[in-house]
Every structure is written in structure tokens, then in C-alpha cells.
> 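A single structure is presented below for examination.
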Amino acid sequence: MGMRSPHLLHLYSHPAPSPSSLLEPEGRVATRGRPVARVWGMQGWRLGWCLFLEWARREEEQAEGDGVLAGWPGRAREKTAPPVVGLGTLGPGLQPGMADSAETRKLVYLVTGGCGFLGEHVVRMLLQREPRLSELRVFDLHLGAWLEELKTGPVQVTAIQGDVTQAHEVAAAVAGAHVVIHTAGLVDVFGRASPETIYEVNVQGTKNVIEACVQTGTRFLVYTSSMEVVGPNIKRHPFYRGNEDTPYEAIHRHPYPCSKAQAERLVLEANGREVHGGLSLVTCALRPTGIYGEGHQIMRDFYHQGLRLGGRLFRAIPASVEHGRVYVGNVAWMHVLVAQELEQRAALMGGQVYYCYDESPYKSYEDFNMEFLGPCGLRLVDTRLLVPYWLLMLLATLNALLQWLLRPLLLYAPLLNPYTLAVANTTFTVSTNKAQRHFGYKPLFSWEDSRTRTIRWVKAMEGSAP
Ligand SMILES: NC(=O)C1=CN([C@@H]2O[C@H](COP(=O)(O)OP(=O)(O)OC[C@H]3O[C@@H](n4cnc5c(N)ncnc54)[C@H](O)[C@@H]3O)[C@@H](O)[C@H]2O)C=CC1
Ligand SMILES: C[C@@H](CO)CCC[C@@H](C)[C@H]1CC[C@H]2[C@@H]3[C@H](O)CC4=CC(=O)CC[C@]4(C)[C@H]3CC[C@]12C
């Protein structure tokens, strides 16, 4: 997830923090300080990768001869590469022409799940694109060491190790924040966690966030929902380029979509509730389709699986099945834009849902992945005739059975199970402009740019093909 460049390391270099420096300075948040060394141990491999990435970026800039300021694309690329942070390639900054003065910086944001795949992009995007930010609180069960690098910029970055299922920890983190972006969630469709745990994190965690806003007087709440709250449903009805108003029978059994749907409902119902101080809460929910981009774990898994199979992946899903995908940078940008616009457009946006979309093409899950894995040396072998759907379903069911049988001994959680097969094998794509109409959203990253960035990330991955 966390690409780090030497440029960034230099910009944000600082003495190794003591666990207590992870505490919120005013003592509002009692965090369980996790020794940074342990976190670093898990993520140290990223450094080499980031060094490579920065080297590659500079080589590319030099080759293009555009002599840009570090982190800002040159004029020639402005059309396709907007001046915005790419995960780890740019440091925090302001939009062009915007003065960085203490008076303009007065807002406190809280990002829950801020160290996750999407969360990290939201955090970096806020630092880059929210000039009114004075403090950014990053709340997560597991803090990333990369956060430490952000602490010497103009914005106070406060790392809070906490659990959304613990109401008091959430309330302490929310107190005094103007905006909460709630991305924390348990994303598990593989049977790794129990249904109870999924509900506890996704539903109870969201309840805790809402109640904390109400109790402490925080007025603006942006929730990361999911396309999964709508579908694909258990009947595997196609949703072909639908929008927020397209009728669809949203019936689920799997704990993940059920929990996300319940949480989304809670967030939307909370819109208009009176918060401490007498003003009203303004909420809205964003529904990304399948997110991809730098840091995407499943893409990483497919890539390594392909390498193990001698550079081949085997087609399991017909190319005609469309699966909605959206670039993580654009999802992050949409969150930031919503957060910025909620106050001015409360009447219009409060209680609304928005699909997250961009210019990513409509393709099958596997064909879409090949947009990135292909240029990295993998090949998709068409075995449709060899592996018919019924056989795949049989394998998926066998996996589910094995998972159940082995549970007392070990956790067996392969990617293929009846649920993931059904999701991947059912058309679900969105085509909407609601976000543009309501708050002026336009994707910040073109498809070409999203693709290039993702390919660059895959290529820089440990164990990449030469
Ligand atoms: N990955 C995807 O394709 C999509 C994800 N989403 C939603 O986006 C959000 C972020 O997902 P990802 O970044 O993909 O997942 P992720 O697993 O990378 O990030 C989730 C973050 O939440 C944190 N978290 C989990 N349980 C927590 C708890 N009890 N207390 C505090 N923090 C906790 C995790 O440590 C992690 O950093 C989730 O709400 C997910 O439902 C929605 C649509 C698609
Ligand atoms: C049948 C396999 C043969 O290659 C492919 C299996 C792929 C699956 C693991 C993925 C296919 C579709 C993905 C889901 C989809 O993008 C929507 C999602 C939204 C979320 O909110 C969370 C993640 C996910 C459920 C995502 C999970 C992985 C897939 C099921």
C-alpha cells in the first residue's frame, strides 16, 4: 500500500517516534501505542520498492525533459495527469495559487481506517487537496509507519490506534473533529472472519461513529459504503450500467454485503439528527465498485499467483460479464470532494448515496486485471471450454466445504468460493453522473493515468518478473 519515495522520506524525515508520540497531544485519545519497530518490520520491504519507484519517476521526468517541480506534473502532461498526489509519489501541498496560511487552516478531519488500502489514499489526498486542513486524525486498528513521515508538514497529523467497535475510543477520536470520513471496515468475502466479527466492525463500528458525532457535535459524516449493498444479489440478476435510481432487488445472504447495507442505512437515517450544540448532522454514503490501484491486495495476489503459474492466469469468467471497477485515487478524490461540499450543499447532498465512478472501461474482472498484469508479463489463458461454470461452482463449493471442515484446525480461505464466483460472474456496472450533478465531481485521474500508475506499482512489486 504505502509507496514511499526518497523525496517524501526527505520531506518528512523525523526522529523515530516513541510510542507515546502516537498519542493525541491534548490527551483526548488514549491510544494503545504500538512500537513503530513492529509496524516497520511488517512494512520495511516497501522502502526498496519506493526507492525504485522514485527512481523510475525521475527517469521518466528527465526523459520527458519537462523539468517540473518535484511532485507536480509538467504542462505537457496536465491533461492526462492532474496535479494531485499519487500514493507516495508526492508530498502534501496546496492547490496552485492557494496561500498556506494559518488562518486558512482551521478544519479538523478524522479518517477512520486511514491506514487501509483506500484510507491511505484518502489521507494523502486530503493533505494534498484540502487547504483548510489544520489537523488530520488517522484512526486505525493498525497504524502504518508511513504516517510518521507525514508529521512534519504544515498539517498536524495525529495517528490514533483504536478500534471502531469500542465506542469510547471512537468518541475520543471524533471529539472536536469537523468532518469524519468513515472508511474503516472489515472487507471479508473469503470467510476469514466470523459473521459476528464482520457485523461488529461494520455495523456496530458505524453506529459508534454516528453516536460519537451526535454526542460531540461533529456535523459532517462521509461513509464509504459499497456497490455490494445493492448487488449482485443472491439471484445473480445483472445490473447493467445502472445508476442510483435503477430499480434492483437487493437481497443478500453473505455477511459482508448485509453488514455494509445495514451500516449504510444507519448512516443515511442519521442525516438530520441533532448533534451536540443544536445543529444537525449531515451524512452521505459513497458506493465504490471494485476498487483497484496502488496497494490493492487482491491484484497483488493474482500477480503472484500468475508468477507461480509460469506467467499464466486461467480464464474462469466469460469476457462478456462486465464488472464495475474504479481507480482508488478517484475514489479518494470523491471522498474529499464530498467532505468539502457537504456544508454548502447540505440540503441537496445530505442523506444521499453516490456510486463512485470514473473512466475505467467496462470489462470482465479478469480482463480488467489483465490491463495491468499483461504489461507486467502475465498472460490470460482462455480455458473457458476446459473449465465450465458448473465445474467452477463445484470447486468453489468444495472450497467452502473444506473451509468448514478445516476450521477447527486451520484457516483455509481461498479466493474462490461460491460467493466470490457469483460476484465475479454476474454483470454489475454503473453509469451515472449524479456525483457530477450534485457536487461537481470529475475524475481526477484519467483512465490512462490510473492504468499507468497501477502498472508502475505492479512492476515495482517484490518478486516482479524482470
Ligand atoms: N476494496 C474494495 O474493492 C472496496 C472497498 N469498499 C469499502 O471501502 C472501505 C475500505 O476498504 P479497503 O481499503 O479495501 O479495505 P482495507 O482492509 O485495506 O482497509 C480497511 C481499514 O480498516 C481498518 N479496520 C478494520 N477493522 C477496524 C476496527 N475494528 N477499528 C479500526 N479500524 C479497523 C483496517 O485496519 C484497515 O486499515 C471499507 O469500508 C470497504 O467496505 C467499498 C467498495 C469496494
Ligand atoms: C472466480 C475467480 C477466478 O479468477 C475470481 C475471483 C475474483 C474475486 C475474488 C473478486 C471478484 C469481484 C470482487 C469483489 C467486487 O469487486 C466487489 C467488492 C466490493 C467490496 O466492497 C469489497 C470487495 C469486493 C467484494 C470484491 C472482492 C473480491 C471479488 C469477489
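Order of appearance sets the numbers: ligands from 1, and atoms from 1 within every ligand. Along the sequence shown, the residues carry numbers beginning at 1.
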> Considering the heavy atoms of Ala424, write down every atom of ligand 2 situated less than 4.0 Å from one of them.
11 (C)
> Are Ser431 and Arg241 linked by a side-chain donor-acceptor pair shorter than 3.5 Å?
no
> Does Lys260 approach ligand 2 within less than 4.0 angstrom via side chain, backbone, both or neither, non-hydrogen atoms only?
neither
> Provide the number and element of each atom of ligand 2 under 4.0 Å from a heavy atom of Tyr256.
20 (C), 21 (O), 22 (C)
> Kindly confirm or rule out an N or O of Ile291 lying under 3.5 angstrom from an N or O of ligand 1.
yes
> Does Glu294 come within less than 4.0 Å of Arg456, counting only side-chain N to carboxylate O?
no
> Do side-chain atoms of Thr218 reach the backbone of Ala177 as a donor and acceptor pair under 3.5 angstrom?
yes
> Report yes or no: does His121 contribute a side-chain atom to a donor-acceptor pair with the main-chain N or O of Val328 at less than 3.5 Å?
no
> If we only count heavy atoms from C-beta on, is the Gln352 to His438 side-chain gap below 4.5 Å?
yes
> Just by modelled atom types, is the Val164 backbone N or O under 3.5 Å from a matching donor or acceptor in the Asn208 side chain?
yes
> Thr165 versus ligand 1: do any nitrogen or oxygen atoms come within less than 3.5 Å of each other?
no
> By number and element, which atoms of ligand 2 are closer than 4.0 Å to a non-hydrogen atom of Ser226?
19 (C), 20 (C), 21 (O)
> Does ligand 2 have a heavy atom under 4.0 Å from the side chain of Leu313, from its backbone, from both, or from neither?
neither
> Quick one: look up the protein heavy atom nearest atom 7 (C) of ligand 2 and list residue, atom name and how far away it is.
Tyr365 CE2, 3.6 Å
> Which ligand 2 atoms does Gly290 reach within 4.0 Å, using its non-hydrogen atoms?
16 (O)
> Atom 23 (C) of ligand 2: which protein heavy atom is closest, and how many Å away?
Val187 CG1, 4.0 Å
> For atom 29 (C) of ligand 2, decide whether some protein heavy-atom distance is shorter than 4.0 Å.
no
> Does the protein come close to atom 17 (C) of ligand 2 - that is, does one of its heavy atoms sit below 4.0 Å from that atom?
yes
> Return a yes/no value for Ser226: is any of its N or O atoms, backbone included, closer than 3.5 angstrom to an N or O of ligand 1?
no
> Could you tell me, atom by atom, which parts of ligand 2 come under 4.0 Å of a heavy atom of Ala316?
3 (C)
> Do Lys207 and Glu211 meet the salt-bridge criterion of a basic N to acidic O distance under 4.0 Å?
no
> Does some side-chain heavy atom of Tyr223 sit less than 4.5 Å from a side-chain heavy atom of Val180?
no
> With only distance considered, is His142 within less than 3.5 Å of ligand 1 through an N or O on each side?
no
> Would you say Leu118 and ligand 1 have an N/O pair spaced under 3.5 Å apart?
yes
> Using protein heavy atoms only, decide if any is under 4.0 Å from atom 26 (C) of ligand 2.
no
> Of the backbone atoms (N, CA, C, O) and the side-chain heavy atoms from C-beta on, which set of Val164 has a member under 4.0 Å from an atom of ligand 1: side chain, backbone, both, or neither?
both
> Can you report which non-hydrogen protein atom sits closest to atom 8 (C) of ligand 2, along with the distance?
Thr420 CB, 4.0 Å
> Which bit of His323 gets closer than 4.0 Å to ligand 2, counting heavy atoms only: side chain, backbone, both or neither?
side chain
> Are any of the heavy atoms in Thr224 under 4.0 Å away from ligand 1?
yes
> Could you tell me whether ligand 1 has any atom less than 4.0 Å away from a heavy atom of Cys356?
no
> Measure the distance from atom 19 (C) of ligand 2 to every protein heavy atom, then report the residue, atom name and distance (to 0.1 Å) of the closest one.
Glu228 CG, 3.5 Å
> Nearest to atom 14 (C) of ligand 2, what protein heavy atom do you find, and at what distance?
Val423 CG1, 4.1 Å
> Less than 4.0 Å between a side-chain N and a carboxylate O, is that true for Lys235 and Glu249?
yes
> Quick one: does ligand 2 sit under 4.0 Å from the side chain of Leu392, the backbone, both or neither, non-hydrogen atoms only?
neither
> Parallel, tilted or perpendicular for Tyr248 and His237, by the 30°/60° rule?
perpendicular
> Centroid-to-centroid, Tyr354 to Tyr441, below 6.0 Å?
no
> Heavy-atom pairs closer than 4.0 Å: do any link ligand 1 to the side chain of Tyr292, the backbone, both, or neither?
neither
> Output the list of atoms in ligand 2 that are nearer than 4.0 Å to some heavy atom of Glu366, sorted by atom number.
3 (C), 4 (O)
> Mind checking the CG-SG spacing from Leu286 to Cys356? Nearest 0.5 Å is all I need.
4.5 Å
> Do ligand 1 and Thr289 have nitrogen or oxygen atoms that lie under 3.5 Å from each other?
no
> Based purely on interatomic distance, does Phe139 place a nitrogen or oxygen under 3.5 Å from a nitrogen or oxygen of ligand 1?
no
> As an exercise, identify every atom of ligand 2 less than 4.0 angstrom from a heavy atom of Val189.
25 (C), 27 (C)
> Which ligand 1 atoms does Val201 reach within 4.0 Å, using its non-hydrogen atoms?
26 (N), 29 (N)
> Considering Phe302, Phe190, Phe368, which one's heavy-atom position lies nearest to atom 5 (C) of ligand 2?
Phe302
> So, applying side chain to side chain donor-acceptor pair (under 3.5 Å) with Arg325, which one of Thr289, Thr429, Asn369 is it?
Asn369
> Does a side-chain N-to-carboxylate-O contact under 4.0 Å join Glu228 and Lys260?
no
> Out of curiosity, is Tyr419 lining ligand 2, as in a heavy atom under 4.0 Å away?
no
> Using distance alone, determine whether Gly116 and ligand 1 share an N or O pair under 3.5 Å.
yes
> So which bit of His296 gets within less than 4.0 Å of ligand 1, heavy atoms only: side chain, backbone, both or neither?
neither
> Would you call Leu136 and Leu127 a side-chain contact if the rule is heavy atoms closer than 4.5 Å?
yes
> To the nearest 0.1 Å, how far is atom 1 (C) of ligand 2 from its closest protein heavy atom, and which atom is that?
Leu416 CD1, 3.5 Å
